[in-house]
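Model, not experiment: these values are computed from the prediction.
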Amino acid sequence: MREQPSSAVQDRLAPPPRRSGDRIGPRGGPLTPLGWVSVVLTVVLVAATLGAYGYYRSIESGIEREEINVGPSRPPETGALNVLLVGSDSREGDNKQYGPQSQGLGERTDTIMLLHISPNRDNATMISFPRDSMVTIPTCERVDGTVIPGGVRQINSAFNDGGINCTILTLESLTNIKINHFVKVDFTGFKGIVDAIGGIEVCLPKAVNDPQAKLQLAAGKHVVNGEQALGYVRTRYALGDGSDLSRIQRQQVFLTKVLEKITSIGLLTNPVRLNDFLQAGTAAVTLDDKLTLNRMLEIANSLQGLTAKELKGITVPVETYPEDKNRVQFAEPAASDFFENVRNDVEVTATPTPGKSSAPKIENEQVRLQVLNGTAEAGMAVKVADELAAQGFVVTQVGNAAATAKTAIRFAKKDAAQGPAYGDTVAARLSKDKRTPEVGKIKAATSQPYESNGAKAAKVPEGPVIQLVIGADWPGVRVVSAIPDSLKDKVVDNTTNPCL
């Protein structure tokens, strides 16, 4: 237990009260495969431009585009990249075989997903929004300019009634996350993309015969082509427990296999396969008008290190909608906490200097920290210490400092040789602009030993003690993952069992 400080100090060190409410795990409505393939298509299209700029320019004009026009009041930019992915169920053209009776009725979507790529481009989170979530949809305009009144409706009605712009406006109002681009894919495009990469290996725990999904396969592993792959990710009752959540997980696993396949076959260096992929991809998608070739090159350069293992799928936490048991609503506070985590993984990577530094990287666990509260907000030192201790830092003391406007990272004059490197490790975990460590510590007004909440004390490392002084401009601690601990067991990634 921590020592009890004086009442005046305690007022400033005491953590703020926690909100009540259970966290509820996510479940979801039926999702098509189109959004997942949109992720692959987005990543490969932008990456392909790195080695095929001239070729891609020649086919770029064949991509259908649409303007994002949602008005001036939008969430702020954070440095992250957020791409909205929707799957169109249009039955026009080659898609009529999946429902000729729906021809001429426009397009709907069962897939609404947001691909969130962190500001440092070192991890990606695929957020699924169940189609039958009941949410507040703002006032929108139809394509013909008529007004759609706002109100509580099923989330996919935003796309059905107001198209992509109403969908973007709705998601931004729900999450306060700015959407930078969008990608829309149809059924035929999905099949062409899978065929272009030579099929994908799937694993069936039992034999499947589902005429509705056009899938008939024996138990075990199979390399499926485009038509079979479409059936595999569409089937619901023939695999798993028959729930939509089970189908969502299978689709997410399928995506990781697609990304692994693209990596293993060297798609970007195989001109024939790259051509087939791009031809299938550009015929299948509609993009926003700002996702230009130059913008793709910019994104591609930042995504070069992103692989399948960094992609994680998660569904927004939902619960039963009280007025209709066949619908769901966002579960609170779990959904709001999740969106806040996504917004708070803000960081800006410093411009690298020429040449590679020979200095060894300082890990979080090597850094001792003194955290001082220079704000008027009670409990800040303990709160920040808890967040940094959870990321491996060895916090030795918490306390108070004189009021200060600016957050600072400091080291002692005697540690001038090592201090900057250790301070940089702390700076990398703070949100927004990276802060430069400063020489010279300040005197704490009060301080006390810190111990993490009931956790075993970390081994105290050698090296300098870094002083973090929290100012009025405190930017927050950047989260390690956009997925809260309460949802970790709902994550699907490339380690998930493929035999679902």
Side-chain angles (χ1 to χ4, degrees), residues 30-45 85-91 93-99 109-111 113 126 128 183-240 244 246-265 267 270 273-274 276-285 308 311 313 492-494 496-500:
L31 294 173
T32 69
L34 307 177
W36 291 107
V37 173
S38 298
V39 182
V40 179
L41 184 63
T42 302
V43 174
V44 174
L45 280 178
L85 310 165
V86 296
S88 167
D89 71 352
S90 169
R91 267 45 175 204
D94 292 339
N95 295 318
K96 66 182 179 181
Q97 62 179 302
Y98 301 105
T109 181
D110 286 340
T111 302
M113 300 182 178
M126 190 67 239
S128 297
V183 177
K184 181 174 71 175
V185 181
D186 66 17
F187 286 131
T188 302
F190 172 88
K191 296 191 301 180
I193 290 166
V194 173
D195 284 337
I197 58 178
I200 297 296
E201 184 179 85
V202 301
C203 180
L204 300 180
K206 62 180 182 180
V208 174
N209 185 3
D210 185 347
Q212 187 175 358
K214 303 181 187 297
L215 181 66
Q216 183 175 356
L217 287 173
K221 294 182 178 180
H222 303 271
V223 175
V224 295
N225 59 24
E227 188 70 52
Q228 293 171 316
L230 184 59
Y232 172 77
V233 293
R234 289 180 69 204
T235 188
R236 174 176 174 179
Y237 299 105
L239 286 175
D244 289 318
S246 177
R247 180 165 60 177
I248 290 170
Q249 290 177 326
R250 187 165 62 254
Q251 292 167 356
Q252 293 170 346
V253 169
F254 184 84
L255 173 62
T256 65
K257 297 304 176 186
V258 172
L259 289 175
E260 289 176 353
K261 180 67 176 289
I262 287 173
T263 303
S264 67
I265 65 175
L267 177 66
N270 185 321
R273 276 189 166 160
L274 180 60
D276 291 343
F277 182 91
L278 291 176
Q279 292 290 351
T282 55
V285 300
L311 178 64
V492 171
D493 59 22
N494 69 332
T496 302
N497 180 8
C499 296
L500 300 176

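The side-chain heavy atoms of Met113 and Val86, taken from C-beta on, include no pair separated by under 4.5 Å. The shortest side-chain heavy-atom distance between Leu215 and Val224 does not fall under the 4.5 Å cut-off.
Arg250 places a side-chain N or O within 3.5 Å of a backbone atom of Tyr232 that can act as its donor or acceptor partner.
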Taking distance alone, no hydrogens or angles, what donor-acceptor pairs closer than 3.5 Å link side-chain atoms of residues 195-210 to residues at least two apart or in another chain?
residue	atom	partner	partner atom	Å
Asp195	OD1	Gly226	N	2.7
Asp210	OD1	Gln212	N	3.1
Asp210	OD1	Ala213	N	3.3
Asp210	OD2	Thr235	OG1	2.6

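In this structure, CD in Gln228 is found 10.5 Å from CD in Gln216, a value given to the nearest 0.5 Å.
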- Item | Verdict with supporting geometry, Leu85 and Met126, side chain to side chain contact (heavy atoms under 4.5 Å, CB included) | CA-CA 10 Å; Leu85 310 165; Met126 190 67 239; 3.4 Å; yes
